[in-house]
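Note on naming: letters A, B, ... go to the chains in the order of the sequence lines (proteins, then strands), and numbering restarts at 1 for each one. Every value quoted in this text rests on a predicted model; they were computed, and no experiment measured them.
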Protein chains: 2
Amino acid sequence: MTKIEPRLPKGMRDLGPDDMIVRNKVLACIRTVFERYGYLPLETPALEYWEVLTGKYGEEAERLVYNLTDHGGRRLGLRYDLTVPLARFVASQKQLLKPFKRYQIQPVWRAEKPQKGRFREFSQCDVDVVGSASMLVDSELIAMTVEVISLIGLDHFEVRLNNRKVLQGMVQYAGIAADRTADVCQTLDKADKVSRPEVEAELGRKGYSTDQIGPLVRVATITGDNQSVLEQMTERLHGIDIAREGIDELAQIMSHLEQMGVDLDRVRIVPQLTRGLDYYTGPVYETFLTDRSFSSLGGGGRYNGLIGIFSDEEIPAAGTSFGLDRITTVLQETMTDQATPHTDILVAHFGADVLPDALRLVSHCRRAGFRTELFFDEAKLKKQFTYADQRNIPVVLLIGQDEARKGTIQCKILASGQQQEIAWADLVRQLQNLLQK
Amino acid sequence: MTKIEPRLPKGMRDLGPDDMIVRNKVLACIRTVFERYGYLPLETPALEYWEVLTGKYGEEAERLVYNLTDHGGRRLGLRYDLTVPLARFVASQKQLLKPFKRYQIQPVWRAEKPQKGRFREFSQCDVDVVGSASMLVDSELIAMTVEVISLIGLDHFEVRLNNRKVLQGMVQYAGIAADRTADVCQTLDKADKVSRPEVEAELGRKGYSTDQIGPLVRVATITGDNQSVLEQMTERLHGIDIAREGIDELAQIMSHLEQMGVDLDRVRIVPQLTRGLDYYTGPVYETFLTDRSFSSLGGGGRYNGLIGIFSDEEIPAAGTSFGLDRITTVLQETMTDQATPHTDILVAHFGADVLPDALRLVSHCRRAGFRTELFFDEAKLKKQFTYADQRNIPVVLLIGQDEARKGTIQCKILASGQQQEIAWADLVRQLQNLLQK
């Protein structure tokens with residue numbers, strides 16, 4: 001038989017133990033906060049009918065959906081995001097109690113060109129509220145974002161906030177046709193990465209006149225503290241109803257956040273923030289690191305038109321998403337101390353004679369809550385210590401015939417080389433001290 | 001635009017909040033035990049190269065793998081189990097420290113005929129040790145099984161244990177050609193569900209003679225306590241080397257389990273247990289409920305030939321798998337008491353005037369660790385209480401203008417209808433009593 005190469009398809013990756021342990025830590029923080037806010041878990045299948053999956057996306061996205069024909073000849077696709085499955089789920093549940101507050105953490109697949117740090121399979125962590133138009137929803141989603149990122153242990157971040165209605169108002173104020181809003185937003189969204197003249201030049205190349213670009217960019221680049229930004233926007237966009245509505249919503253959110261006790265320094269109103277996707281209809285926000293690459297940790301907004309695509313009615317909804325890969329990578333980079341051990345104790349042994357004592361010792365340690373491994377094979381002590389060392393296990397316990405007779409255990413701390421003989425009765429307490437548990 | 005039907009493909013399902021909460025509880029128990037034994041998490045991609053996925057399975061299985069062609073024309077398939085990806089991972093890691101102890105919890109896809117309780121997408125929970133032939137591995141996997149099922153809270157179960165080598169010995173003892181072992185095992189495996197005469201009849205139909213069937217079935221149906229079963233097998237299969245080896249391994253496992261302090265009443269040697277798959281080479285085991293349908297909760301065994309398929313060497317390995325769906329279903333059936341609430345507290349409110357106090361209250365409760373929801377929309381109190389009732393939320397807190405002035409909160413217990421006014425300072429303590437937290 002020809003040997004099969006153990007290769008992975010392009011854009012795919014394994015998540016080994018070192019990645020998975022940090023990732024699981026991040027997920028535990030995310031789930032804790034979601035549940036504290038009363039959100040409920042949901043999982044949907046990876047495979048959906050092609051027409052369900054692609055009903056919402058443009059042709060561009062359709063190209064990126066993995067498609068297949070099942071054994072019964074039905075055309076299926078792999079989940080592209082978690083929002084369309086949510087819409088499909090909500091439409092299929094006749095008795096669903098609303099507001100429906102769900103979170104969903106599952107992989108999605110996109111046949112995009114693989115890039116450094118971008119894969120064709122990645123996990124999304126989405127949290128959404130379906131069935132309420134209240135700004136309390138949007139406020140709560142932002143409060144949760146601040147709480148999640150803080151709990152994960154990242155210090156330098158801010159949530160940038162804007163409103164699609166304000167952006168629509170800006171377009172109107174600049175004398176640009178309403179149906180060009182998406183086109184304008186696409187350029188404005190870059191204003192964070194490129195300079196103001198470059199934004200103006202791009203708008204020029206797109207065919208907008210200087211009379212349009214001037215006012216537009218002036219409003220989009222308003223800066224100051226949140227109160228001042230709201231006041232300047234109000235003044236400039238005076239008389240434009242849609243802008244007024246959007247500014248009111250932003251003011252409401254800021255007021256709710258304050259009453260919830262959220263640190264307002266974490267939230268900054270940025271009039272040029274647009275968020276890529278077309279489907280947003282109200283507040284939009286995105287979390288950025290402020291101490292390095294300014295990379296995005298995730299974001300969301302209100303999308304009142306989307307959840308109803310499978311229903312006969314418009315259903316208000318808002319949600320946000322956490323970039324699990326990005327957050328995990330950032331956390332791994334900030335963990336400057338030695339790798340966290342995954343196992344506390346290795347029980348080494350010298351073969352059949354003392355094996356019963358070694359097995360008793362392993363169980364004793366596990367019952368006391370220590371993550372404990374037994375070395376399986378008969379091997380020289382040196383090999384067993386090398387294993388502990390390579391696995392970054394801090395403590396090795398040993399029972400020889402002497403210790404078995406005396407009822408003691410040899411305990412070696414690998415970092416210091418220090419070794420001591422401990423009585424069975426003192427073991428748990430001593431290990432708790434050593435391992436700071 | 002035509003409305004798209006929110007349908008799911010055949011054999012697929014959503015896991016709504018009620019399922020997910022029980023499932024997450026089961027997964028938390030499984031992960032706790034795996035980590036206590038020093039096993040490391042791994043995740044692999046859903047999509048693998050077709051030739052990697054199908055190198056091991058027979059034609060039968062190949063038919064069940066979902067296949068697709070990616071945008072670059074490569075033939076891929078959806079993961080069919082977690083063992084082949086483990087073998088591929090191990091072969092691709094040149095520096096992997098062995099023994100490699102990994103656990104993996106991910107969905108797999110099989111285009112099988114859907115049946116009640118069987119789906120085309122389901123999650124597997126696998127735990128395996130790669131790189132050790134020691135019976136300590138097999139013993140540890142059985143000890144973990146007992147610990148997991150006990151921690152989940154299921155009382156009536158047993159792990160049935162056998163050894164493929166003993167089965168090979170039985171086939172030899174019966175004068176049947178060694179290459180018929182799989183065929184014989186397939187029938188013996190049913191001996192649990194059908195009567196002894198039916199097993200004999202099926203073996204007859206398969207062409208085995210009475211002289212072969214008699215001795216085979218006599219050994220396969222040996223009963224008694226574990227010690228007695230081992231003795232009877234030893235006596236009957238005397239002089240057959242492979243059987244001797246298998247019986248010795250079983251005796252070693254029983255002795256290790258005793259030394260580890262595992263309740264031996266949980267483990268029963270059953271000579272007719274075969275486990276379906278062809279690739280097992282040593283001990284095999286399967287966990288069954290004993291108080292009802294005798295349904296299987298999962299199982300595993302040693303498979304020394306499989307992990308090496310992508311390498312140049314044979315790599316010893318053993319592993320076991322937990323049937324997450326089955327365990328979740330069984331647990332849901334045994335939960336006789338009222339559905340567990342997913343949220344502790346609903347904060348109801350009467351609109352703008354007292355909203356700041358309500359928001360402060362929500363944050364206060366969340367910080368104290370209670371899972372707390374705010375009712376988002378302005379609505380009559382009756383509607384807010386109905387929501388709490390339907391969501392099974394036990395406590396509703398309320399602030400009206402009176403309470404806001406006095407610095408108190410109205411607290412209503414939905415089950416009893418009892419209502420009391422509580423001062424802010426006493427709130428957390430009182431809620432801890434009420435919610436028994």
Side-chain angles (χ1 to χ4, degrees), chain A residues 4 6-9 12-17 20-21 24 35-36 38 40-49 51-52 55 66 68 70-72 74 76 88-89 91-92 97 99 107 111 121 132 134 136-137 256 259-261 310 342-343 356 359-360 363 366 371-374 376-377 390-391, chain B residues 4 6-10 12-17 20-21 24 35-36 38 40-49 51-52 55 66 68 70-71 74 76 88-89 91-92 97 99 107 111 121 132 134 136-137 256 259-261 310 342-343 356 359-360 363 366 371-374 376-377 390-391:
Chain A
I4 301 157
R7 288 178 309 147
L8 274 178
M12 302 294 166
R13 68 184 155 163
D14 294 314
L15 289 168
M20 280 300 297
I21 284 163
N24 284 343
E35 287 171 11
R36 196 181 289 161
L40 301 173
L42 172 71
E43 284 189 8
T44 63
L47 292 166
E48 297 262 8
Y49 277 117
E51 60 272 21
V52 164
Y66 281 95
L68 62 118
D70 81 358
H71 299 64
R74 286 164 290 252
L76 308 179
R88 198 258 313 134
F89 177 79
S92 70
L97 183 65
E121 175 186 73
S132 171
S134 168
L136 286 169
V137 172
H256 293 332
Q259 287 151 8
M260 288 175 185
F310 303 111
H342 310 142
T343 293
L359 288 175
R360 201 155 58 89
S363 298
R366 285 175 182 154
R371 295 166 303 173
T372 310
E373 287 192 46
L374 170 71
F376 294 123
D377 294 286
Q390 291 183 311
R391 284 273 283 106
Chain B
I4 301 157
R7 286 179 310 146
L8 274 180
K10 211 175 156 186
M12 301 294 166
R13 67 183 155 164
D14 294 314
L15 290 167
M20 280 301 296
I21 284 163
N24 284 344
E35 286 172 10
R36 195 181 289 162
L40 301 173
L42 173 72
E43 284 189 7
T44 64
L47 292 165
E48 298 262 8
Y49 278 118
E51 60 271 22
V52 164
Y66 281 95
L68 63 120
D70 81 359
H71 299 63
R74 286 164 291 251
L76 308 179
R88 198 259 314 133
F89 177 79
S92 71
L97 184 65
E121 175 186 72
S132 171
S134 167
L136 286 169
V137 172
H256 293 333
Q259 287 151 9
M260 287 176 184
F310 302 111
H342 309 142
T343 293
L359 288 175
R360 201 155 59 89
S363 298
R366 285 174 182 155
R371 294 166 303 173
T372 309
E373 288 192 45
L374 171 71
F376 294 124
D377 294 288
Q390 291 183 310
R391 284 271 284 104

Please look at [X] and chain A and tell me whether the side chain, the backbone, both or neither of the residue comes under 4.5 angstrom of a heavy atom of that chain.
{"X": "B:Leu8", "result": "both"}
{"X": "B:Ser134", "result": "both"}
{"X": "B:Glu121", "result": "side chain"}
{"X": "B:Arg360", "result": "both"}

Please determine which of A:Tyr49, A:Phe310, A:Phe89 meets the side chain to side chain contact (heavy atoms under 4.5 Å, CB included) test together with B:Pro6.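 Option passing the side chain to side chain contact (heavy atoms under 4.5 Å, CB included) with B:Pro6: A:Phe310.
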Could you look at A:Leu76 and say if it's the side chain, the backbone, both or neither that has a heavy atom under 4.5 Å from chain B?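 Side chain only.
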Examine whether an atom of A:Leu42 lies under 4.5 Å from a heavy atom of chain B, and if so say whether it belongs to the side chain, the backbone or both; otherwise answer neither.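 Both parts, heavy atoms under 4.5 Å.
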Pairs of heavy atoms under 4.5 Å with chain B: top-ranked of A:Pro107, A:Pro356, A:Gly261: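 Option with the top pair count is A:Pro356.
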Can you tell me which of A:Ile21, A:Asp70, A:Val52, A:Val137 forms the most heavy-atom pairs within a distance under 4.5 Å of chain B?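 When all of A:Ile21, A:Asp70, A:Val52, A:Val137 are compared, A:Val137 has the most.
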Check the side chains of A:Ser132 and B:Asp377 for a donor-acceptor pair under 3.5 angstrom, ignoring hydrogens and angles.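 There is such a pair (donor and acceptor under 3.5 Å, judged by atom type) between the side chains of B:Asp377 and A:Ser132.
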Do A:Arg74 and B:Lys10 have side chains that get closer than 4.5 Å, going by heavy atoms?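 The answer is yes, as the side chains (C-beta and beyond) meet within the 4.5 Å cut-off.
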List the atom of [X], the atom of [Y], and the distance in Å for their closest heavy-atom pair.
{"X": "A:Glu43", "Y": "B:Met20", "value": "OE2-CE, 3.3 Å"}
{"X": "A:Arg391", "Y": "B:Gly38", "value": "NH2-O, 3.4 Å"}
{"X": "B:Glu51", "Y": "A:Ile4", "value": "O-CD1, 3.6 Å"}

Would you check if the side chain of A:Glu35 reaches a backbone N or O of B:Arg371 as a donor-acceptor pair within less than 3.5 Å?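 Side chain of A:Glu35 to backbone of B:Arg371, a donor-acceptor pair under 3.5 Å: no, none is there.
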